[in-house]
Asker: 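This structure is in structure tokens; I'll ask about it shortly.
In what follows, every chain begins at residue 1, and chains take the letters A, B, ... in the order their sequences are listed. Note that these values count all heavy atoms, side chains included, but never hydrogens, waters or copies made by symmetry.
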Amino acid sequence: MNLEELNEVQREAVTHIDGPQLVIAGAGSGKTRVLTYKIAYLLEQGVEPNRILALTFTNKAAREMKERIARLVNADKTRYLWMGTFHSICARILRQEAQSLGLTRDFSIYDTADSKSLLHRIVKDKGLDEKIYKPGLVLNKISMAKNRLCGPENYGLIKAYGDQDKYDRTYEMPAVYQSYQRQLREANAVDFDDLLMLMCQLLQNNAAARLYYQSVFQYILVDEYQDTNYAQYLIVKLLAEPENNVTVVGDDAQSIYSFRGADITNILSFQQTYPHARVDKLEQNYRSTQNIVNLANSLIEHNKHQLRKSVFSNNDRGDKVSLLPYPSDREEAQEVINLITREHAMNGTGYNEVAVLYRTNAQSRAFEGELRKMGIPYRIYGGMSFYQRKEIKDAICYFRLAANPRDNEALLRIINFPTRHIGDTTLRKLSEAAQAHNTTMLEVASNPKGYDLSVTSGTQQSLTEFASMMMDLSEMMDTTDAYTFAQHAIQRSGILREAKADLTPEGQDRAENLEELLTAIHEFVDQRTQMGIDFTPMHDFLGEVALLTDQDEHTDDPTQRVTLMTVHAAKGLEFKVVFIVGLEEDLFPSQYCVRAEDIEEERRLLYVAITRAMNRCYLSFARQRFRNGTFNFTNPSRFLRELDRECLRQGERPLPTSPQRGGVPTYPASPEYPTRPRVLRPVQSAGSTMHNAQVTSTWTPGDRVFHKVFGAGEVLQTYNENEVDKIDIQFDKVGKKTLMLTYAKLERL
DNA sequence: TATCCGGGGTTTTTT
DNA sequence: ACCCCGGATA
């Protein structure tokens, strides 16, 4: 490796070896480069590869980093590096230590869908209101608690959780959490967050294990440190002791995962955690033009909560960033696709160098439609990933249940698919019997008579047949390789037959997907063979598959396709040309932002989006957007007025003029431009709620403001400005429903 | 037990 | 516009 390829700051960061180190790496400043060079440098200095632990955010990042290191040093060494996501590294260690944690090494990892389904059952069993205890909400609460290392036994003691539960009316959360955790363990399963929490518990409670792993990992490096949560922080801290040879790399300005428990204070207070930490700041951006970097800087300046740094670019000044308003989301999509065509035709920009970035996955539809119409190749990231598809998940659940007979979630999913005439009633009895006899549902199914199950003889037969099939698969699993096993399992189970029998296009897709799964498993086995592992059982595949995400699926594909993805998914990537669309209030920033910190996170999110662009960046918004089945008027994102106008070029359409007295952008007087829609909140409703009532104020050339109340697609009432200071509006009949709405004063623009 | 129909609720981002 | 659920029906 050649250290001359680094700039001075980078080189110093790379060659600093011992002791804690914080590398603050601005967008596009060569963060990954520093990390890879540092690992390569450590290897060159004679550090054993298996003494280095490198934690990344995605599997893909880990893989790419490995490849890059392999190009710098002897490729053989990189194989033995401990490199992966927090979750996968923890899973690996936990399998090793499973016994001491009350698990077997074949424990299942429940994905979000499994967890939600388990929670749903718990809520039902406890007779709680399913409207209040929504699985997503409940899982989120549990996840947040686990990220802070709060187990079910402590949950009820924490006031903050209690308060939140009071607010959400989820008073029974402690019991739900307890039951959830108990059933996870009974199923010999862990969820995502358990991987981190159990790892912490292992290190805290088991001195021998702690000392062992502390001595194994001589050097620890963490990528994207700004997105770590408390559990991850603690894992790093405990593993690094007592030498504290820990290097963390990150950018507080790109912290965008707080909804997942990420805690930006981890990076902000690194120096308090490690008082003698060395700090390096990488501030030169090599990726983007000056205009893009300056624009991004002007935005992020508005955040209060950040580490000081000044990112700059010595690249060309470049084109100004375009700000494009469109009348509706539809036109936005059409015009953006037009611009892409133009980029392609006039600048020769390859389709794969263009990305359309949006805040929510739902926005992809409009662009997808237009791209298809224009015959432009594209690829949408996100949405339903391969491993979440029904048929794939079904197949994997067969594997999972064969590996871990206690995995009830897998059993419930597949016991009646393909249909075996085993319905809800039978399953309830099965579950009760299993609880009563303290055994697994599969065991009861294998011997319904023995457990006095009151089911018909036909059902009995179905159960025993299913159970004996699963036992056969279980046996086969240890002796055959993953590919052979999978092939056999999807045939024996009947899911392949089921898919093939379905002659609809969807059915054919499913059959193809199953074939694709087999191919993936085959590749997995091949890879392992190349690594010198001559036998790869299904267990090994299962261990990895649970932690795969759609980010990891398709590596670089050679075809030239436009990329469509959420801003979150775009983190760490770069494109020559970037379109950031839907820059509207309540969308970007999201409508769910309430606190000032939430807005700061959204601002960082936009910062991330802008800094993905190398050469050109386009920002767009629509004045009307079709959402949740209705057309809504929108307002331009507040972020737009925070941008340095020096870096902006006005679009062809009338643009907001510069802000007056710190207000929002104003618009040309004609025609009518609606502003500031407010969705009315029902305070009391007889019957059910109505979602599509809204208020808009209308700004007309005469400079008078009218407020219109829309409901069920029509204007219900119009008020002039003086009338709307805190009034209650009552509608007796809107459609078939009666409801009462309260409406707070509108801010005058 | 499976399937069809209608109504109600729903929407952020994801390792 | 879509998905999910519950209830009714085959």
Side-chain angles (χ1 to χ4, degrees), chain A residues 55-62 84-91 109 111-113 115-117 120 124 130-131 134-137 139-140 143 146-147 191-196 223-224 227-229 231-232 255-262 357-366 381-385 388 416-427 455-456 458-459 462 546-552 565-572 582 586-593 598 601-602 604-606 608-609 626-632 679 685 687-692 735-737:
Chain A
L55 296 161
T56 61
F57 198 61
T58 61
N59 296 303
K60 189 176 161 212
T85 62
F86 273 94
H87 291 85
S88 60
I89 297 285
C90 289
I109 299 173
D111 67 14
T112 317
S115 294
K116 281 186 186 167
S117 133
H120 186 71
K124 253 193 182 149
E130 294 174 46
K131 302 271 153 43
K134 285 178 278 197
L137 177 77
L139 180 60
N140 195 32
S143 172
K146 284 184 175 178
N147 287 162
D191 67 10
F192 262 153
D193 305 299
D194 279 337
L195 290 170
L196 304 178
D223 194 10
E224 309 278 16
D227 285 322
T228 51
N229 59 35
Q232 290 166 324
S255 164
I256 55 173
Y257 280 104
S258 74
F259 68 90
R260 201 167 78 189
L357 307 182
Y358 35 76
R359 179 66 237 271
T360 66
N361 275 315
Q363 289 165 259
S364 67
R365 281 188 137 243
Y381 290 76
M384 184 77 80
S385 92
Q388 287 168 1
N416 201 29
F417 188 87
T419 169
R420 298 185 178 90
H421 305 282
I422 301 168
D424 287 347
T425 350
T426 310
L427 286 176
V455 291
T456 63
T459 311
S462 298
L547 300 169
L548 279 183
T549 67
D550 48 333
Q551 303 271 311
D552 305 312
M565 55 169 63
T566 64
V567 181
H568 281 90
K571 193 169 89 154
D586 293 337
L587 184 60
F588 202 161
S590 149
Q591 73 229 43
Y592 294 96
C593 293
D598 297 334
E601 175 144 328
E602 297 283 314
R604 292 194 292 267
L605 196 54
L606 182 54
V608 169
F626 195 70
R627 261 223 283 184
N628 309 340
T630 51
F631 264 110
N632 292 307
V679 175
S685 63
S688 62
T689 50
M690 184 175 83
H691 299 282
N692 52 358
K736 286 175 289 191
K737 292 150 197 162

Asker: Taking all non-hydrogen atoms of both residues into account, name the closest pair between A:R260 and A:N147 and its distance.
Answerer: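 Where A:R260 meets A:N147 most closely, the heavy atoms are O-OD1, 3.1 Å.
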
Asker: Please step through side chain to side chain contact (heavy atoms under 4.5 Å, CB included) for the pair A:K134 and A:K116, ending with a clear verdict.
Answerer: CA-CA 9 Å; A:K134 285 178 278 197; A:K116 281 186 186 167; over 6 Å; no

Asker: In terms of the nearest nucleotide of DNA chain B, which residue is placed more toward the 5' end: A:H421 or A:T360?
Answerer: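 By nearest-heavy-atom nucleotide position, the 5'-most residue is A:H421.
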
Asker: Send over the distance from A:E601 CD to B:dT14 P, rounded to a whole Å.
Answerer: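 My rounded result for the distance is 13 Å.
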
Asker: Which value, in whole Å, describes the distance between the C1' atoms of nucleotides B:dT12 and C:dC5?
Answerer: 24 Å

Asker: Calculate the interatomic distance between A:Y381 atom OH and B:dT14 atom C1'; express it in whole Å.
Answerer: 16 Å

Asker: Does B:dT15 have OP1 or OP2 under 4.0 Å away from a side-chain N or O of A:N59?
Answerer: no

Asker: Starting at atom CZ of A:F57, determine the distance to atom C1' of B:dT15, rounded to an integer number of angstrom.
Answerer: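 My rounded result for the distance is 6 Å.
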
Asker: Taking only side-chain N and O atoms of A:T426, does any of them lie within less than 4.0 angstrom of OP1 or OP2 on B:dT1?
Answerer: yes

Asker: Mind calculating the distance between CD (A:E224) and C1' (B:dT14) to the nearest angstrom?
Answerer: 14 Å

Asker: Return the nearest nucleotide to the side chain of A:N416; candidates are B:dT15, B:dA2, B:dT14.
Answerer: B:dA2

Asker: Categorize A:F86 for me: base, sugar-phosphate, or nothing, with a 4.0 angstrom heavy-atom threshold over every strand shown.
Answerer: nothing

Asker: Tell me the closest heavy-atom pair linking A:Y358 and A:S364, and the distance in Å.
Answerer: OH-CB, 3.2 Å

Asker: Nearest to the side chain of A:H87, which nucleotide is it out of C:dC2, B:dT15, B:dT14?
Answerer: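 Among the listed nucleotides, the one closest to the side chain of A:H87 is B:dT15.
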
Asker: Please tell me which of the listed nucleotides, C:dG6, C:dC2, B:dT12, lies nearest to the side chain of A:R365?
Answerer: C:dC2

Asker: Can you tell me how far apart OG (A:S115) and CG (A:D191) are? Round to the nearest 0.5 Å.
Answerer: 4.5 Å

Asker: If you take all heavy atoms of A:E602 and A:S590, which pair is closest and at what distance?
Answerer: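 Smallest interatomic distance, heavy atoms only, reads OE1-N, 3.1 Å.
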
Asker: Where the side chain of A:A569 is concerned, which of B:dT1, B:dT12, B:dT14 is the nearest nucleotide?
Answerer: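 Of the candidates, B:dT14 comes closest.
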
Asker: Taking only side-chain nitrogens and oxygens of A:N361, does any of them come within less than 4.0 Å of OP1 or OP2 of B:dT14?
Answerer: yes

Asker: Counting side-chain heavy atoms from C-beta on, which of B:dT1, C:dG6, B:dT10 comes nearest to A:K134?
Answerer: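 Nearest listed nucleotide: B:dT10.
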
Asker: Please state how far atom CZ in A:R359 lies from atom P in B:dT12, giving the value in whole angstrom units.
Answerer: 9 Å

Asker: Give a yes/no on whether any side-chain N or O of A:T112 is located under 4.0 angstrom from OP1 or OP2 of B:dT14.
Answerer: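 The answer is no; no side-chain N or O of A:T112 sits under 4.0 Å from OP1 or OP2.
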
Asker: To the nearest Å, give me how far apart CG (A:D586) and C1' (B:dT10) are.
Answerer: 16 Å

Asker: In whole Å, what is the span from the CG atom of A:D111 to the P atom of B:dT14?
Answerer: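 Interatomic distance, CG of A:D111 to P of B:dT14: 15 Å.
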
Asker: Between atom CD1 in A:I256 and atom P in B:dT12, what is the gap in whole Å?
Answerer: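 It works out to 16 Å between those atoms.
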
Asker: How do A:T459 and A:D193 order along DNA chain B: which one's closest nucleotide is nearer the 5' end?
Answerer: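 Counting from the 5' end, the first nearest nucleotide belongs to A:T459.
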
Asker: With no hydrogens and no angle check, is any side-chain donor or acceptor of A:S462 less than 3.5 Å from a backbone partner on A:R420?
Answerer: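 Yes: the side chain of A:S462 pairs with the backbone of A:R420.
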
Asker: Taking atom C1' in both C:dG6 and B:dT11, what distance in whole Å separates the two?
Answerer: 22 Å

